K.L.:
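Pasting a structure here, questions to come.
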Amino acid sequence: MRHIIVLPIGLIPCFNITTMVSPTSSQLRQAADLKEKIEALNTELAALLGGKAPARVEAPAAVETPAPIEAARAIEAEESVKPGKRTMSPAHKAKIRAAQALRWAKHNAAKVKIAAKPAKKGGMSAAGRARIAAAQKLRWAKVKAGKKT
């Protein structure tokens, strides 16, 4: 499919504001040639699309979109739609949601189990502490006995 781009008059190099103030004869010739080419292309486009050729306009009063441009835009709009777009059924979407909810539930349950363990306070039993305390008392008793003599 051929795409035809028609530039508005403001975008054609010989029709910009700075050159329109005082156009030279070569610029006027170039503008006339471009205008003829545009009219020929519009006629050819209209023949391709099955419409009639637009009337020849000497000096455009207002910028209007010609019929060939509108037809080209309609063709582009039709091409932008993707044919055979895949969709998912509501039942399948519900299955996916349920599976994801189950995965999150398992993930969050694992976090709760890890946090539920009580923190270990110390690694020594009461009997072990009593043995250490008794041995320390004996050491201090020997130290004190050695100072008295």
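For clarity, every value in this text was computed on a predicted model and none was experimentally measured. Residue indices begin at 1 and follow the sequence shown. Below, each value reflects all heavy atoms present in this structure, side chains not excepted, and no hydrogens, waters or symmetry copies.
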K.L.:
Could you list the residues that satisfy side chain to side chain contact (heavy atoms under 4.5 Å, CB included) with R29, not counting sequence neighbours?
P.N.:
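So R29 forms a side chain to side chain contact (heavy atoms under 4.5 Å, CB included) with S25, S26.
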
K.L.:
Kindly state each residue pair satisfying side-chain hydrogen bond (donor to acceptor under 3.5 Å, both in side chains) with at least one member in residues 123-132, sequence neighbours excluded.
P.N.:
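Counting only pairs at least two positions apart or across chains, no side-chain hydrogen bond (donor to acceptor under 3.5 Å, both in side chains) contact touches residues 123-132.
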
K.L.:
Could you pull out all residues at least two apart from I96 that satisfy side chain to side chain contact (heavy atoms under 4.5 Å, CB included)?
P.N.:
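Here the qualifying residues are M88, H92.
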
K.L.:
Can you tell me how far CG of L48 sits from CG of L41, rounded to the nearest 0.5 angstrom?
P.N.:
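Answer for the CG-CG pair, L41 versus L48, is 10.5 Å.
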
K.L.:
When rounded to the nearest 0.5 angstrom, what is the spacing between CD in Q30 and OG1 in T24?
P.N.:
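Taking CD in Q30 and OG1 in T24, the distance rounds to 8.5 Å.
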
K.L.:
Just jot down the side-chain hydrogen bond (donor to acceptor under 3.5 Å, both in side chains) partners of R139, sequence neighbours excluded, or say none.
P.N.:
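R139: side-chain hydrogen bond (donor to acceptor under 3.5 Å, both in side chains) contacts with Q136.
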
K.L.:
Hey, what do you get for OG1 (T43) to CD1 (I38), rounding to the nearest 0.5 Å?
P.N.:
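Answer for the OG1-CD1 pair, T43 versus I38, is 11.5 Å.
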
K.L.:
Distance from K137 atom NZ to K144 atom NZ, nearest 0.5 Å?
P.N.:
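One finds 11.0 Å between NZ of K137 and NZ of K144.
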
K.L.:
Run the side chain to side chain contact (heavy atoms under 4.5 Å, CB included) test against R103 and tell me which residues pass, sequence neighbours left out.
P.N.:
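Partners of R103 under the side chain to side chain contact (heavy atoms under 4.5 Å, CB included) test: A99, Q100.
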
K.L.:
Excluding sequence neighbours, so at least two apart, what forms side chain to side chain contact (heavy atoms under 4.5 Å, CB included) with A141?
P.N.:
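For A141 there are no side chain to side chain contact (heavy atoms under 4.5 Å, CB included) partners, ignoring immediate neighbours.
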
K.L.:
To the nearest 0.5 Å, how far apart are CD in E44 and CG in L49?
P.N.:
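Atom-to-atom, E44:CD and L49:CG are 10.5 Å apart.
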
